[in-house]
Amino acid sequence: MLLIACPWCGPRDEAEFHYGGQAHVAHPEDPAALSDEEWARYLFFRDNPKGLFAERWSHAAGCRRWFNAVRDTATNEIHAVYRAGEPRPVIT
Amino acid sequence: MTAESVAGSVAEFAIGRRSPAAAYAARFAAASAGGAIRLAEIPFLTHLNVRADPASPAAERIGAALGVPLPVEPGVVTEGGGLSVLWLGPDEWLVVGPDGAARELTERIRDAAAGEHVSVVDVSAQRTTLVVAGERARDVLAHGCALDLHPREFGPGRCAQTLLARTGVVLVAVEDGFHVLVRSSFAAYAAEWLLDASVEYRG
Ligand SMILES: [Zn+2]
């Protein structure tokens, strides 16, 4: 079980959260201009790194806000949490 | 059943309100007899969900109209004049008032919003309020809640939306214990769970 720090509520049990996949996937400026392949790439293709990964979480059983976290997919260690709209912090 | 008897039962239903945990009054009282733990329901409180930009003039005017500022710090409750305002999110609050106050409070908030982008919804029927009080209140809740409820972390004036026995609740710390705001459809489950968790503390 992970202890995840909601940027609003502080550390809470993993059971209070929903996972939202990769963060910072920008919606295309003009979807109609995309080819089917480009649209499919936006919809379905995601990074799958072993290591640091910026991803979205929702504090579903708490304040119900979406936020972002940088998690190491190999160790499950969460290196940073930040509010939606804030830039991805640089992890050294 | 005749049309008259159907109409009669509908009329009776409209007159007699029944709170979500009403059936537990006797068992709550029996569990509270020892004094170390006190369980009860506070039925029919007014609950208004308010959403507004916390930095907007409207948010300030709503606080002034209620006589209680909308708290901007996560997990904080502001109180005054028989009302409490619970922080639910960075732009969301629960205004708790006495039974029957929904209409007047809604109008007061709408007037204060004065056309700005604000939402006020009467959610009084969504949840009921269970009291878990007494010196062992924290021990009872700890059976099913992962939060640190010690007064140095979660004393009076604090609130949290969290899970209690896997059920979504709003926990509010009060002087002698806690208020557990639980959805009406989960009230019986929460009541059964609280009665079970409190067995060893009844004295
Ligand atoms: Zn939260």
Side-chain angles (χ1 to χ4, degrees), chain A residues 1-27 29 31 46 52-91, chain B residues 49-55 70-77 85-94 119 121 123 126-127 141-150 152-155 157-173 180-183 185-186 189-190 193:
Chain A
M1 190 71 81
L2 299 177
L3 192 62
I4 300 173
C6 168
W8 298 103
C9 305
R12 295 293 185 92
D13 196 293
E14 182 187 350
E16 296 192 5
F17 297 86
H18 277 309
Y19 184 64
Q22 182 175 348
H24 309 299
V25 178
H27 190 268
E29 286 290 335
R46 295 293 181 265
L52 296 182
F53 190 41
E55 54 196 14
R56 301 185 304 166
W57 288 84
S58 156
H59 191 191
C63 63
R64 302 188 297 125
R65 301 308 122 155
W66 284 95
F67 62 94
N68 297 320
V70 177
R71 181 178 61 98
D72 189 315
T73 58
T75 63
N76 255 340
E77 184 182 350
I78 292 173
H79 290 267
V81 292
Y82 49 108
R83 294 172 182 178
E86 292 179 351
R88 175 180 172 163
V90 178
I91 313 289
Chain B
N49 185 286
V50 176
R51 299 199 67 169
D53 177 349
L70 304 177
V72 291
E73 194 191 324
V76 164
V77 182
V85 183
L86 282 52
W87 185 95
L88 294 186
D91 58 3
E92 184 173 9
W93 297 270
L94 190 70
S119 134
V121 182
V123 294
Q126 184 188 11
R127 301 184 182 96
L141 294 179
H143 283 268
C145 180
L147 290 188
D148 181 358
L149 299 177
H150 191 279
R152 83 178 155 246
E153 287 290 325
F154 197 79
R158 305 290 305 183
C159 69
Q161 295 172 91
T162 188
L163 296 174
L164 176 67
R166 300 190 296 280
T167 303
V169 296
V170 185
L171 267 186
V172 185
V180 179
L181 280 55
V182 63
R183 287 184 202 283
S185 55
F186 279 84
Y189 167 78
W193 185 87

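In the text below, chain A, chain B and the rest are named by the order of the sequence lines, each starting its count at 1.
Residue B:Leu163 touches chain A through both its backbone and its side chain, counting heavy-atom pairs closer than 4.5 Å.
By the 6.0 Å contact criterion, CZ on A:Arg83 is enclosed, its count of non-hydrogen atoms from other residues, nucleotides or ligands being greater than 12. Around CZ of B:Phe186, the count of heavy atoms belonging to other residues, nucleotides or ligands within 6.0 Å does not exceed 12. Around atom NE2 of B:His143, more than 12 heavy atoms belonging to other residues, nucleotides or ligands sit under 6.0 Å away.
The distance from atom CZ of A:Arg12 to atom CD of B:Gln161, rounded to the nearest 0.5 Å, is 8.0 Å. The distance from atom OG1 of B:Thr162 to atom NE2 of A:His59, rounded to the nearest 0.5 Å, is 6.5 Å.
Considering all non-hydrogen atoms of both residues, A:Arg65 and B:Gly89 come closest at NH2-CA, 3.9 Å.
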